[in-house]
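This report refers to the structure that appears directly beneath it.
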Amino acid sequence: QVQLVESGGGLVQAGASLRLSCAASGRTFSTYVMAWFRQVPGKEREFVAGIRWSGYSDFADSVKGRFTISRDNAKNTVYLQMYSLKPEDTAVYYCAAGVDRGVTKWHRTYDYPYWGQGTQVTVSS
């Protein structure tokens, strides 16, 4: 019912900025929490940031103060603006949409039935 497509990844140097986009199609975009996760080989997928239709957002401690998340409901698009990128930010970044069970549950991958294909972000030192 919902399709998500990420874009905007690439190779950048430490300290650089990058903006990721997630374009959604299908139904009930506004009723879901939209989130960004990231994953590196051998590691579990981890929560990065999430946002409600209202604009309320939350971030993982590892990116707090460096990343911002926003959404344009008219365009059915969510963005992840990343500043001061570090090599440890290197990962495949995934957009997800799911049922909002409360901000303390946003990190649970199983609450997100819809996922994008991922976009690679590589930060060199």
Lys75 to Thr77 - nearest heavy-atom pair and separation: O-OG1, 2.9 Å

Side chain to side chain contact (heavy atoms under 4.5 Å, CB included) evaluation trace for Ser62 with Arg38: CA-CA 12 Å; Ser62 59; Arg38 64 187 183 186; 3.4 Å; yes

Inter-residue atom distance His107.NE2 - Glu46.CD, 0.5 Å rounding: 12.0 Å

Lys43, NZ: over 12 other non-hydrogen atoms inside 6.0 angstrom: no

same_hphob_cluster(Tyr79, Tyr112) at 4.5 Å side-chain heavy-atom cutoff: no

Atom pair CG (Asp100) and CD1 (Ile51), whose distance is rounded to the nearest 0.5 Å: 11.5 Å

Check: Gln117 side chain, Val5 main-chain N or O, donor-acceptor pair, under 3.5 Å: no

Nearest non-hydrogen partners of Gly10 and Leu18, listed with the distance: N-CD2, 4.0 Å

Atom pair OG (Ser21) and CZ (Arg71), whose distance is rounded to the nearest 0.5 Å: 14.0 Å

Heavy atoms from other residues, nucleotides or ligands near CD of Gln1 exceed 12 (cutoff 6.0 Å): no

Inter-residue atom distance Gln3.CD - Asn76.CG, 0.5 Å rounding: 11.0 Å

Please table the atom pairs, donor to acceptor, closer than 3.5 Å between any side-chain atom in residues 118-125 and protein atoms at least two apart or in another chain.
{"unit_1": "Thr119", "atom_1": "OG1", "unit_2": "Gly9", "atom_2": "N", "d": "3.1"}
{"unit_1": "Gln120", "atom_1": "NE2", "unit_2": "Ala91", "atom_2": "O", "d": "3.4"}
{"unit_1": "Gln120", "atom_1": "NE2", "unit_2": "Thr122", "atom_2": "OG1", "d": "3.3"}
{"unit_1": "Ser124", "atom_1": "OG", "unit_2": "Val12", "atom_2": "O", "d": "3.4"}

Separation between CD of Gln81 and OG1 of Thr68, rounded to the nearest 0.5 Å: 5.5 Å

Step-by-step salt bridge (charged side-chain N to carboxylate O under 4.0 Å, His left out) determination, Asp89 to Lys86: CA-CA 5 Å; Asp89 294 318; Lys86 305 174 180 180; over 6 Å; no

Considering all heavy atoms, the nearest Tyr93-Val48 contact: CE2-CG2, 4.3 Å

Residues Thr90, Val40; criterion side chain to side chain contact (heavy atoms under 4.5 Å, CB included); working and verdict: CA-CA 7 Å; Thr90 295; Val40 298; 5.6 Å; no

Residue pair Cys95 / Trp36, side-chain heavy-atom distance below 4.5 Å: yes

Minimal non-hydrogen separation, Val78 against Ser70, with atom names: CG2-O, 3.1 Å

Counterpart residues, side-chain contact (heavy atoms from CB on, under 4.5 Å), relative to Val103 (two or more places apart): Tyr56, Asp58, Trp106

Residue pair Tyr83 / Arg66, side-chain donor-acceptor N/O under 3.5 Å: no

Check against side chain to side chain contact (heavy atoms under 4.5 Å, CB included), Val63 and Met82: CA-CA 9 Å; Val63 306; Met82 305 181 291; over 6 Å; no

Given Tyr94, Phe67, Phe37, the one that forms ring-ring contact (aromatic ring centres under 6.0 Å, His included) with Phe47: Phe37

CG-CD distance between Leu4 and Glu6, expressed to the nearest 0.5 angstrom: 7.0 Å

Side-chain donor or acceptor of Arg45 paired with backbone N/O of Thr109 under 3.5 Å: no

Where Ala97 and Pro113 come nearest, the two heavy atoms and their spacing: O-CD, 3.2 Å

